[in-house]
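Have a look at the structure below, then the notes.
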Amino acid sequence: MTDPAEQSELPKTYDPKAVEEPTYQRWLDEGLFHADAGSGRPRWSMALPPPNVTGSLHIGHALDHTYQDYLARFKRMRGYEVLWLPGMDHAGIATQNVVERELAKEGKTRFDLGREAFVERVWAWKAESGWRILGQMRRLGDSVDWSRERFTMDEGLSRAVREVFVSLYEQGLVYRGQRIINWCPRCLTALSDIEVEHEEVPGELAHLRYPLADGSGWIEVATSRAETMLGDTAVAVHPDDERYQHLIGRTVRLPLVDREIPVVADESVEREFGTGAVKVTPAHDPNDYEIAQRHGLPDVNIFTEEAIVNANGGRFAGLDRYAARRAVKDALAELGLLDRVEPAPHAVGHCYRCRTEVEPRLSEQWFVRTRPLADQAVAVVRSGRTRFEPERYAKTFFAWMDGIRDWCVSRQLWWGHRIPAWYCPDGHVTVDREEPAKCDQCGAKELRQDEDVLDTWFSSGLWPFSTLGWPERTDDLANFYPTTVLVTGYDIIFFWVARMLMFGCHFEPPTPFDVVAIHGMVRDREGKKMSKSFGNVIDPLELMDRYGTDALRFALIRGANPGADVPLAKEWVEGARNFTNKLWNLGRFVLTARAEAWGSGGLKERSGSPPENRDLAPAPATPPDDGGGLADRWLLSRLEHTRAAVTAAYEEYDPAEAARLMFAFSWSELADWAVELAKPRLAAGGEGARQAAATLTYALDVIVRLLHPVMPFVTEELARALGADTIVRGPWPAERPEDLDPDAEADMAALQEAITAVRRFRAEHRVLPSRHPRLTVVPADTGQGELFRAEAESMRRLARLETVEVGPAPADAGPTAKLLAAGAELYLPLAGLLDLDEERERLRRELATLESERSRAVGKLANPAFVERAPAAVVDKARARLAEVDQARAKVEAQLAELD
RNA sequence: GGGCGUGUGGCGCAGUGGUAGCGCGCGUCGCUUACAACGACGAGGUCACAGGUUCGAGCCCUGUCACGCCCACCA
């Protein structure tokens, strides 16, 4: 019942759904992503920044993975043995929070389950979530080596973590101590400095009066956190501050808690700030803690872990920080000890995972001594052994490393690597790679392991070598370390890149990677950050469902200018989808042309999927020789330019530039001109048709290969249709400088200019498409004359002309238009082209319409009431419109004059 | 308070010394046998501002303004 002719029709649009999944499966089945160290090829390696097992991949991952995939595929095609190693991060706090939220829905807390059961539960959750993420990576087309997939908490990596921690301890680079750390009262754990996000809040500065103990007056202090006065143990002033000389060494009576505390002199006090006297709360402020250390002051902790006032806060016990602040101010005001409260915006730290205000808290934690490690990491970048791309991010890195402070690595969580430290009843610490049988110092056998786990970034900091089997001296480590490139967003240079450099340079020198390639963040169409609260997040899966993976990837890469943020909107992806379809149809055209040129029996169709014509010869590895015609020579020259520029851009970590070049060549040159120029030759058949088809086939094959790193699916499908089994392993198009042909490019430019000039004239004068005038070209020189004579047929067709003649200007041909293009003069007889009377009539009607609009506008603007009373915008609009009308009138009048 | 970056047509962006480009949008025309997810043609920019270097400056230098991001223990 189906018409056989119709059956052989190829689908007019590219259908990603039919192609992507089977293609990816085939790549896996054929082991194309598997890295074989024994292959003898040069090696190239990269470790995937492990996504958090939390949740699913977002648009930022899509960018990150696409960027890496372009590098991996590009290098693979160029003949490298590529290892792109995948995996996931256990993501301590983030994951624990997610599972705790899930528990909360059941009305439970982790404490109801107990540590062991809770951790079990997280593992179960991880199994499920991890599966989803792997599926998304397949969707994206990630060419990772699945046989080497790792997880930060798997056995091998856990061993690496213990090895590093214990070694650092032995080297004196890990220590335990009491410090003021950043504490999240909601997550109930310590945080490192970079896990705190500073944010400006309105805030206030309260001026409090502390009466002198001897009743001789008072001293005034200023604070943004009045409630902390409950934990004050001193007041500090600058030693040279004349205002307070007489008070140094005396004592004040701390109101509300009725504690006598000293006035001390400390150089850290700024005389100009506030009153020049500062209250000292050693347990709740890092500066104050240092002052206390210097002066031997006690510390009074007034908060519980949840930041609720404890028993030390007397009658304020039980209030949270904010309630206590109000209550303390009220109480002081009643006593006449609150001088005033003024607004004072200042930055407050928030937990990077839950946004809760961080509370400085004095506690016992584990720290990494970072200075020596940081120095090594800085040296490797300064020397150029490791390079940032773009380079300016090295500055960001240096700036942070310069001011780096010791890294608090212990977390009061349950999900993570348990700290390998054990305590005996006497409090001695034993740090070991395996669970020790007895205390190092006293031999006690009752040991209890530290309850805390390590910062998630501790294990991810080992990623480049722990994933290769370290500390074992594995083949993979020998073959693929240092890794070649590390790709990531600028947002985690401090969190991750810096830590990897510190650990890598120290434990597995010289460096974990040669190049750090930094990309930006995905933004919405207005350049705004994507976030759930703005409601502007885009789900990559939705985009892939709708437009295909290649479209999403191309849109992301096209916007990924080096180091800069990537704006993305549906329309961008839609445009990229149109491009995939353009390629698809280019493929359809070329394949058909090729089949017809060689008289083969047309193309076959696989159900609903792309063309398969293995009966034809495989795509040529080199262009057809001869290359006689201008169109072919021009195309090959442009192709070689593109090939060279795209290759260079890929090498230089500028895939956005490569994308632009490929897009422009494919669409504006190959499709818009080369194909159009080929049509008459193809239609003529014979050797000319074969020549044209061969050149187009070659060009398509090359551009498809160039595009493959960015758009792997549609290009693989087209390459297969052209006769290749796969292009995943290349080859990459070879350099062909002999194809560069400046003469052909110049000639083609002249021809294009002439054709466009005629088209423009036709469009402006509304020449019906069915009218085919005769054109006379008066060339600028003899060379140009030959050009136009040779290309007369192309020009005739593309400009819709009856004939194209090269010679002297026609005499006495009646009304004639003279156009200029590339130095040549083009003469178009108007008679018969457009009906002159009809055209005059049309122009007069148009002029009349414009005149009447003009007189109305003039009248309106001449009316003072309108000009004065109407909104300015309306008046401006009227004026602008009048100007437009005047311009249009002038044009129409000129056209009328041309006709006479 | 430091550091980095950005200001180019309505919107999003390229363009590191030699006659202003791309995508989207917009206007006019067109279902020309690869593609209407298309084609042809067009409108639209004193390249934030002010100085300077140069034969010549979006592109280099200085300063100003605006915006963005990062870092930061002035309570």
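In what follows, every heavy atom counts, from backbone to side chain, and hydrogens, waters and symmetry copies are set aside. Letters go in sequence order (proteins before strands), and every chain restarts at 1.
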* **Separation between the P atoms of G58(B) and A20(B), rounded to whole Å** => 9 Å

* Length of the CZ-P vector between Arg392(A) and U16(B), whole Å -> 15 Å

* To do: Go ahead and name the base partner of A40(B); Watson-Crick or wobble counts if both distances stay under 3.5 Å, otherwise write none.
  => U28(B)

* Provide the distance between the two C1' atoms, one in U6(B) and one in G18(B), to the nearest whole Å. => 26 Å

* Could you check whether Glu272(A) gets within reach of a base, just the sugar-phosphate, or nothing at all, counting any heavy atom under 4.0 Å? => nothing

* To do: Report yes if a side-chain nitrogen or oxygen of Thr756(A) is closer than 4.0 Å to either non-bridging phosphate oxygen (OP1 or OP2) of C41(B); otherwise report no.
  => yes

* Sticking with atom P, work out how far G7(B) lies from C61(B), rounded to a whole angstrom. => 15 Å

* To do: Have a look at Thr580(A) and say if it touches a base, only the backbone sugar-phosphate, or nothing, with a 4.0 Å heavy-atom cut-off.
  => nothing

* From A40(B), A14(B), G23(B), nucleotide with atom closest to Asp672(A) side chain -> A40(B)

* Is the distance from OP1 or OP2 of A14(B) to the nearest side-chain N or O of Asn561(A) less than 4.0 Å? -> yes

* **Integer angstrom distance from the P of U8(B) to that of A14(B)** => 11 Å

* **Whole-Å gap separating P (C41(B)) and CD (Gln752(A))** => 10 Å

* Asked: Just checking Ala671(A): base, sugar-phosphate only, or nothing, at a heavy-atom cut-off of under 4.0 Å?
  -> base

* Structure fact -> note: Trp572(A), atom CH2; G12(B), atom P; distance rounded to Å ~ 8 Å

* **Closest listed nucleotide, where the reference is the side chain of Arg760(A) and the choices are G23(B), G42(B), A75(B)** => G42(B)

* Asked: CD of Glu199(A): more than 12 outside heavy atoms within 6.0 angstrom?
  -> yes

* What is the distance from CD of Glu270(A) to P of A75(B), rounded to the nearest Å? -> 10 Å

* To do: Give a yes/no on whether any side-chain N or O of Lys570(A) is located under 4.0 angstrom from OP1 or OP2 of C24(B).
  => no

* Can you say whether the rings of Phe554(A) and Phe579(A) are parallel (under 30°), tilted (30 to 60°) or perpendicular (over 60°)? -> tilted

* For Ile493(A) and G3(B), give me the distance from atom CD1 to atom C1', rounded to whole Å. => 13 Å

* Structure fact -> Closest to the side chain of Lys679(A), out of A34(B), A75(B), G42(B), is A34(B)

* Kindly give the heavy-atom pair with the smallest separation between Asp550(A) and Val714(A), and that separation in Å. => OD2-N, 2.6 Å

* Do Asp565(A) and Tyr490(A) meet the criterion of a side-chain donor-acceptor pair at a distance under 3.5 Å? -> yes

* **Residues Glu204(A), Arg325(A): salt bridge by 4.0 Å N-O rule** => no

* Structure fact -> Closest of A34(B), A75(B), G23(B) to the Arg558(A) side chain is G23(B)

* Structure fact -> The nucleotide from C73(B), C13(B), A34(B) with an atom nearest the side chain of Arg405(A) is C73(B)

* To do: Would you indicate, yes or no, if C73(B) has its OP1 or OP2 atom less than 4.0 angstrom from a side-chain nitrogen or oxygen of His198(A)?
  => yes

* Asked: Which of the following nucleotides, A75(B), C41(B), A37(B), is nearest to the side chain of Asp285(A)?
  -> A75(B)

* If only side-chain N and O atoms of Arg759(A) are considered, is one of them under 4.0 Å from the OP1 or OP2 phosphate oxygen of C41(B)? -> yes

* Please work out if Phe663(A) contacts a base, only the sugar-phosphate, or nothing of the nucleic acid, heavy-atom cut-off 4.0 Å. => sugar-phosphate

* Could you tell me whether Glu267(A) and Arg294(A) have a side-chain N and a carboxylate O separated by less than 4.0 Å? => no

* To do: May I have the distance from Arg766(A) (atom CZ) to G42(B) (atom C1'), rounded to whole angstrom?
  => 12 Å

* To do: Look at the side chain of Lys582(A) and decide which nucleotide, out of A37(B), G5(B), C38(B), has an atom nearest to it.
  => C38(B)

* Ignoring hydrogens and angles, state whether a donor on the side chain of Tyr352(A) or Glu195(A) is under 3.5 Å from an acceptor on the partner side chain. => yes

* Asked: In terms of the nearest nucleotide of RNA chain B, which residue is placed more toward the 5' end: Arg797(A) or Lys529(A)?
  -> Arg797(A)

* Asked: Syn versus anti for G15(B), judged by chi lying within 90° of 0?
  -> anti

* Asked: Which value, in whole Å, describes the distance between the P atoms of nucleotides A72(B) and A66(B)?
  -> 26 Å

* Asked: Atom CZ of Arg660(A) to atom C1' of G21(B): distance rounded to whole Å?
  -> 11 Å

* Asked: If you measure from the P atom in G2(B) to the same atom in C11(B), how many Å do you get, rounded?
  -> 33 Å

* Asked: Which is true for Ala399(A) with a 4.0 Å heavy-atom rule: it touches a base, it touches only sugar-phosphate, or it touches nothing?
  -> nothing

* **Separation of atom CD1 in Ile755(A) from atom P in U32(B), rounded to whole Å** => 19 Å

* Does C67(B) have OP1 or OP2 sitting under 4.0 Å from an N or O in the side chain of Lys528(A)? -> no

* For Asn578(A) and C38(B), is the shortest distance between a side-chain N/O and OP1 or OP2 below 4.0 Å? -> yes

* Structure fact -> RNA chain B nearest-nucleotide lookup for Gly527(A) and Phe494(A): closer to the 5′ end is Gly527(A)

* With a 3.5 Å cut-off and no angle check, do the side chains of Lys582(A) and Ser666(A) form a donor-acceptor pair? -> no

* Between Trp667(A) and G39(B), does any side-chain N or O lie under 4.0 Å from OP1 or OP2? -> yes

* C1' gap between U32(B) and C38(B), integer Å -> 12 Å

* To do: Determine which nucleotide pairs with C60(B), using a 3.5 Å limit on both distances of a Watson-Crick or G-U wobble pair.
  => G52(B)

* To do: Look at the rings of Tyr14(A) and Trp584(A) and say which category their plane angle falls in: under 30° parallel, 30 to 60° tilted, over 60° perpendicular.
  => tilted

* Checking all strands, does Val280(A) fall into the base, sugar-phosphate, or nothing category for heavy-atom contacts under 4.0 angstrom? -> nothing

* Quantified in whole Å, what is the P atom distance between nucleotide G45(B) and nucleotide G21(B)? -> 14 Å

* Taking a pair as Watson-Crick or G-U wobble with both distances under 3.5 Å, which nucleotide is matched to C22(B)? -> G12(B)

* Could you tell me whether Arg225(A) contacts a base, only the sugar-phosphate backbone, or nothing, with contacts defined as non-hydrogen atoms closer than 4.0 Å? => nothing

